[in-house]
Structure formats: structure tokens, C-alpha cells
Number of protein chains: 4
Amino acid sequence: MTTNDSTDPPRGPGRPRSEASRQAILTAAFELLQERPLPEITGAALAQRAGVSKATLYRWWPSKEAVVLDGYFDALKHRIAPSCTGDPLTDLRTHVREAYRMMGGPEGKMFAAFVASGHFDEKLREALNKELNSPRCKDTEGILGRAVAAGQLRPGLDIQLCAELIWGPAFFRLMTGSPIEEGLADRVTDGLIAGFGQ
Amino acid sequence: MTTNDSTDPPRGPGRPRSEASRQAILTAAFELLQERPLPEITGAALAQRAGVSKATLYRWWPSKEAVVLDGYFDALKHRIAPSCTGDPLTDLRTHVREAYRMMGGPEGKMFAAFVASGHFDEKLREALNKELNSPRCKDTEGILGRAVAAGQLRPGLDIQLCAELIWGPAFFRLMTGSPIEEGLADRVTDGLIAGFGQ
Amino acid sequence: MTTNDSTDPPRGPGRPRSEASRQAILTAAFELLQERPLPEITGAALAQRAGVSKATLYRWWPSKEAVVLDGYFDALKHRIAPSCTGDPLTDLRTHVREAYRMMGGPEGKMFAAFVASGHFDEKLREALNKELNSPRCKDTEGILGRAVAAGQLRPGLDIQLCAELIWGPAFFRLMTGSPIEEGLADRVTDGLIAGFGQ
Amino acid sequence: MTTNDSTDPPRGPGRPRSEASRQAILTAAFELLQERPLPEITGAALAQRAGVSKATLYRWWPSKEAVVLDGYFDALKHRIAPSCTGDPLTDLRTHVREAYRMMGGPEGKMFAAFVASGHFDEKLREALNKELNSPRCKDTEGILGRAVAAGQLRPGLDIQLCAELIWGPAFFRLMTGSPIEEGLADRVTDGLIAGFGQ
DNA sequence: AGGTAACCGAGACGGTACGTCGTGTCTTTAT
DNA sequence: ATAAAGACACGACGTACCGTCTCGGTTACCT
């Protein structure tokens, strides 16, 4: 969440932080996250799986949720880089497709668990917004902006709202437990283009 | 969730279930729900507040979440009855406004807590969908259908999708912790009418 | 313990106590007593086995221990009737043998359970003393008295003490969990005769 | 019972067991034992009195009875050291007097509670036999043996039986709830010496 | 014949103790 | 200083049993 960045070692005295432990913890966290629902991941199990003491966990992270979230972030190298072909509408379609594919897959499962947990944990929620939700919305808004600029979407479009209209159904499905089926992304995109295109 | 229905007393032998206890429990549940976040509501506190034994709680409900959800349902007499003025578009606007007002207020806070908890509790989620989410979407779809029939929205409109586009941003805001401000409902409605009206 | 006597019916108005239920309860109590240790006999199990409601138990007995004790008494028709052959020393030997055989068998197991429970339950202890312990000691003392009178035991013998010396080892074995083996009774009797005979 | 021995600290890694907690628990156990009957001593009360968590109790002892028994043992420094004046008969008299005084006093009350509880708890019974009953009988037998060797008791005396004849009445009184009055010890000793002396 | 009263079964109730589990902290020795 | 090991205080959990109570119904006596 905060303390886990393995940046810059301008070391003072004493034994340095074990990079091996840090990696083992993050790996263990992600493994457990795939095996069982978040509330069933205990600090003890996490420590044992990583071959690490509980104290080490709490020395570097404020809570077990923070650890697991970092494990999730760490395993998440493939953020949705907004594709950029030149045709904004194609980019949009691809972007939404990828987003919905992710939300409908195992990663979405984890994401939903964090969103749910975040409702009772401010820190967690903020980290999640900062690292995932905000950038993703910004990406979407960027593409929408380019489409408007290219004259493919109506000028004066409420871009921020439009981004929320895109992500909204995914959240709705995720949190109500409905599946995010194959064609949903295109239905959303088509609908919006039909409505807001020109 | 299931057992709480105070319907039909075709009694067999034995002491009948205490209606007073049942009501006290539901009331206590709703009170506590207003006072603190769901995970901080304990079974013992619930029982004590209701002047009831813990055993009585667990005799009738499978978990404290179920109790609290029932308390929430019980206190929820004012479902959003879809207003029906005659003008579908006005009805739609009113409907969305009311929905967003609810989602943005204290009741939405509780609702969000149940949605979040439901992610880790199938029973809870199903009850929530059955009692709230599904009926609300049906209401929305009904209004949209009438608007289409009245020729105020484009024929062939993907009504189910459109309902999700309406509810989606509310869920998005709720689960990311963003406020659902005053004008959001109208922005959504206006946007959709602008896009899908004719 | 007290209320269970099925004596004299000088009845007033109202439905009379069900003799069938009373018997069923006592039988069930004794059956359960043979099946499991006393603390594992619950009021509910007792009632269920007897096909009776818990209320009926508590209407007639003050506690479940009292019920089970009555079941034990009820099944105990063969009190050790002090044999009386004419030779007091032979009678004594037979009496002690029978007493120790009982204490070493399954009945002694139950008896010990009541003695143990009685330590934490005054009522229970008193009933046990009144119905079993006192009469048994009286029997023993009677035989000892006859032996003294017949000049077979030393005159001036402390008869009450002697009875306790006879019963003492049995209690000692019972409460320490040591077995009461075949020959113990005779060892006790022989020892005492050797010491106190003349 | 087993785990409480504060012996040998050949320590490995990890936080060592808190000696302070251990002592506080044993002290609390003994205090409570003096205040109320054993079955009314609850695990929670024990923990609270000792300023310790319930988990710590159950980490080291299998049951509350075991804790209390250890508390009892711990407070019991004054085992009846068999007095040894030179005259075995005097020693015997003193030994029995002390034994009966103990059994008749408050310590005997506790002892009886453990004996009673032990009847339903094998572990408890074994610990009690190993720590108290067996050594005490061995002491008695030792004195009896010396008396026989000194020619003060009849040769060939059944020493083990004789020890049980000595302890038997004390158990009898204890478990039937009769008082162990002042002169009982001497009556027993005198009776046995009269019978088995020479 | 009808009334009254004590009984019966079923089973829900308040209360209390149980023993377990998870959290985050603290205390050791070893690196 | 940091690590593993693991003991610790705290507090919630859900279960079990106790003895009481509240129902609808059932006998019996007593007018």
C-alpha cells in the first residue's frame, strides 16, 4: 500500500530489509488470493506460506488486506494500456472489451473482493482508487476525449459521465454477482456510440 | 432472509415463536446498522440490544448479516414506487432522481455495506438481489419500456442495458466511495435521453 | 428423590399424574445411566428417550440428577439383604463379599458417579446417604453387633468404626479408580477378624 | 497437570512462556478454589482474575479443572512428610493424625472436589493419584513396614491393605459428606494397633 | 352435562459457559 | 536493525445445556 516500494537503498546502520522475504510475501499473498476468498486469508497463513514471521508482515504493512492488495498489484503487470491505433472509436471498442474481459475473469474476481473489502477499510479503498480505478477512468476519458476531438462523438459530451456509464455496468454486474458475458462490452460501446456518436 | 416472514400462523403444537422478540431483534438490528459499520455489529450486541438471548438469534437466522439484512428490509417500507404521471420521460427523470437520492443518502450507505458483505456471502447476495436489485431494475425497465412504446425513446432500444447504464454509475460511486452528488441523477438521465431519445 | 413416590391416590380434581410417563422416565434414566457417564446425560436426551416433555421432568423432579438417581433407585430392587445363617462370622464374610462385588461391578460404577456428583449437590448427597449409605452401614453394624454378642469378635469393639473400616477401602478404590478385585472383600474381612476376633 | 512444570529452560527461538502469567494463573486458580465450589469456577473468571487471556489458559492446560488442580498442587508445599521420631507406632499415630486433620480441613474440601471431578475425567484422576494418593499411601505403607520390622505390628501383616484401612474411612467420610471429627484419626489408629499389634 | 383444574407434548425462551479462532503486538534468540 | 519463532491480550464466534415459559389439547373429578 505504501511501504512496500522496493526503491532506493540509501542504507543506514543495521540489517537491511530482506528483499527475499518481501517477494515471498507478495507471491504468497497472490497465491492465496487465487485459492480462497479474501476474508479466509489469515495473517498466519500468509506468513506461513511465505516462510516469514507474522511480525515481518506487520512491520511493513499496516494490515493483512494491505499485504494482499500489494500482492495483487505486484502480480498485475499488464495494466490495460490504452491501445492507440489512430481510430479513436476502434480504440474505444478495444479498450472497453479489454476492460470487461478483465472484469469478467479471475482478476475481476479479486478486484471485486478488494472493492467489497474497501467499503469497510478507508485505506484500502483509497489505495485501490489511486492505483486502479482512477487511472482506468482517466484512460477511458482520454480515449473519449480523442473521439470527441476527432468529431466521432458529439461535441460537448459529458466525458466524465460517459466514462462512468462505461464502467458502471461492469461494477453493477461485479457487485451483484451477475456474470459479465462475452458480448456485454460491445453492447455498451455500441449503445453509447449510437447515442452519442454523430 | 427466509425464516423471518411473520406470515400465516397455521400453528402446530409447542410454544409459538415470540413475535415480540422477532420485532425487537429487527429493530435492534436497524438501530445498530445506523450506529456503526456492519462488521462492527456483533451477535452479542444485537442480542443484548434486543433483550434477547444469542441462541434465539441463531435459532432463526443463519448469521448476524442475515439478521441485519432483515432488519434493513423490515425498516424499508418505502420502496421506490415507480411514479406514473403519464409522461414516461418525466416518470423516468423522477425515478432516477429518487433512486440516486436514496443511494446517496444514509440508506445507500447501508445498501452498500450489504452489497460489499454479499460479495463474500452467497445467501446474503441472493437475498439482496431478490429483494432489492431485481425489483428496482424491473421498475426501471418498465419505465423505459413505456417510454419506448410512447415513442419518446428510440425503438429497438436495448432496455436491459439501458437500465444497467442508469444504475451502473450509482454502483460505481457507491463502491469507490465517491459521493453521489445532487445533480448526478439528472446528468445521467439527460445524457441518456439526449443519446437515445428521438 | 422425593416427589416420585407413586403412593396413595387421595385425589382432588384435575388430571392425575401419568404413571406411564413416570415409569418411562425412570426407565429412560436407567438406560442412559448405563450408556454414558452422568454428566453426559442431558435433560433433553432424557425427555426424548422417555417420549416426554422436559417440562414434565422438571415438574416432578428438581434437577436431572434427581431423576437419574430415582431411575437408579427404581432399578435397584436387590438391596443387599443381610444374610443370616446363624453364624455371624459367616454372615459377615458373605455380606462384605456381596457388598464388594456390587461396588466392583457396573452398579458400583453408577454408585460412584452419584457419590461424585453428590459432592457438588447437597440434595443428591443426602438422598444417596439416606437411601443407600446409611442402611448399608446399619446392616454391617448389625452383623458386627451380632458377632460381638456371640463372642466371636472382641467385646467393646468400636462397631461404627469397624463398619467404616469395612466400607472404607471400597470407597477408596471406587474414588481413586482402582479396580475392586475378586479377593479384596475376603482380605478385608480376614484382616479384621484376625485383628478383632478372639 | 503436565505442561505447567517450570523446569529447565533450554530455550530455542521465540518468545518464552511468560512465567508471570503462569504464576498469576495458578494463584488465581487457588484463590477461586477457596472462594467457590469447583464447578462454579469458569474459565473466563480464571483468566480475568489472573489478568490473562482465555487463550493463554487453553494453550497450556487442557481444561479448567487441570488448571485448578495445578493451582492446588502449587499451593501445596506442605505435603505430609512422614514424621520419623524413632518409635514407629508414635510415627504412625502422628502420620494418621496429620492426614485426617488435612482431610477434615479446608484442604480436604478441595481434595474431595478433585476426587469427585476426577471420576468424570480420567486425566484429572490420574494426575491426582500420581501426585497425591499414591505418595500418601506409600508414606503410610513405609511407616507400617517399619513398625512391622520393629516388631510392633504383627509379622506378615498385609501392609497395603492396612494402609487402605487407614485411608478408607477418611475417603468414606469425605465423599459421604460426614465430618472428619477430631478424634477419628486416633480411633482408627488405636483400633488397628489393638487388632494388629503384638 | 358442563365446568374446572391439573396434567400432558412440543418447543421457544433468556441466560451462561464453553473452547476456538483471528488480529495485531511483544519478547526472545539468531543473523 | 531485521529476521523467525512463537507467546500474548483482546474479543467475537457459534454451540450446548439449563431450567422456565407458553402454547394447544387431554383427562379426570365435581358440581
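Lettering of chains follows the sequences in order, A, B, ..., and the numbering in each one begins at 1.
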Rounding to 0.5 Å, atoms CZ (C/F111) and CG (C/L128) come to a distance of 5.0 Å

In terms of ring plane angle, is the pair C/Y72 and C/F114 parallel, tilted or perpendicular, where the classes change at 30° and 60°?
-> tilted

Charged N to carboxylate O under 4.0 angstrom, D/R125 versus D/E65?
-> no

Close side-chain approach of D/M110 and D/F30, heavy atoms under 4.5 Å = yes

Pair D/E31 + D/R36: basic N to acidic O under 4.0 Å = no

Using whole Å, report how far CD of C/E19 lies from C1' of E/dC8.
-> 15 Å

A/A29 and A/V68 have their tightest heavy-atom pair at CB-CA, 3.9 Å

Its contact letters, B for base, S for sugar-phosphate only and - for none at protein heavy atoms under 4.0 Å, make nucleotides 2-7 of chain E read ---BBB

Sidechain N-carboxylate O distance under 4.0 Å for D/K123, D/E126 = no

Whole angstrom value for the distance that separates C1' of E/dG9 from CZ of C/R49 = 19 Å

To the nearest angstrom, how far is B/Q48 atom CD from F/dA12 atom P?
-> 11 Å

Check the distance between F/dG19's C1' and C/K123's NZ and give it to me in whole angstrom.
-> 14 Å

Check: C/W61 and C/I25 side chains under 4.5 Å, non-hydrogen atoms | yes

Per-nucleotide protein contact string for nucleotides 15-21 of chain E (B base, S sugar-phosphate only, - none; heavy atom under 4.0 Å) | B-SSBBB

What is the bend of the helix from E/dA1-F/dT31 to E/dT31-F/dA1 when you compare the axis at one end with the axis at the other, using five pairs each and rounding to 10°?
-> 20°

Side chain to side chain contact (heavy atoms under 4.5 Å, CB included) assessment of C/L32 paired with C/R49 = CA-CA 9 Å; C/L32 288 172; C/R49 174 78 64 109; 3.3 Å; yes

Specify the separation, in whole Å, of atom CH2 of A/W61 and atom P of F/dT2.
-> 14 Å

Answer whether the closest heavy-atom distance between the side chains of D/K64 and D/T42 falls below 4.5 Å.
-> no

Tell me whether the guanidinium CZ or amine NZ of D/R17 lies under 6.0 angstrom from the six-membered ring centre of D/W60 and within 45° of its axis.
-> yes

Can you check the A/L57 CG to F/dA4 P distance for me, whole Å?
-> 9 Å

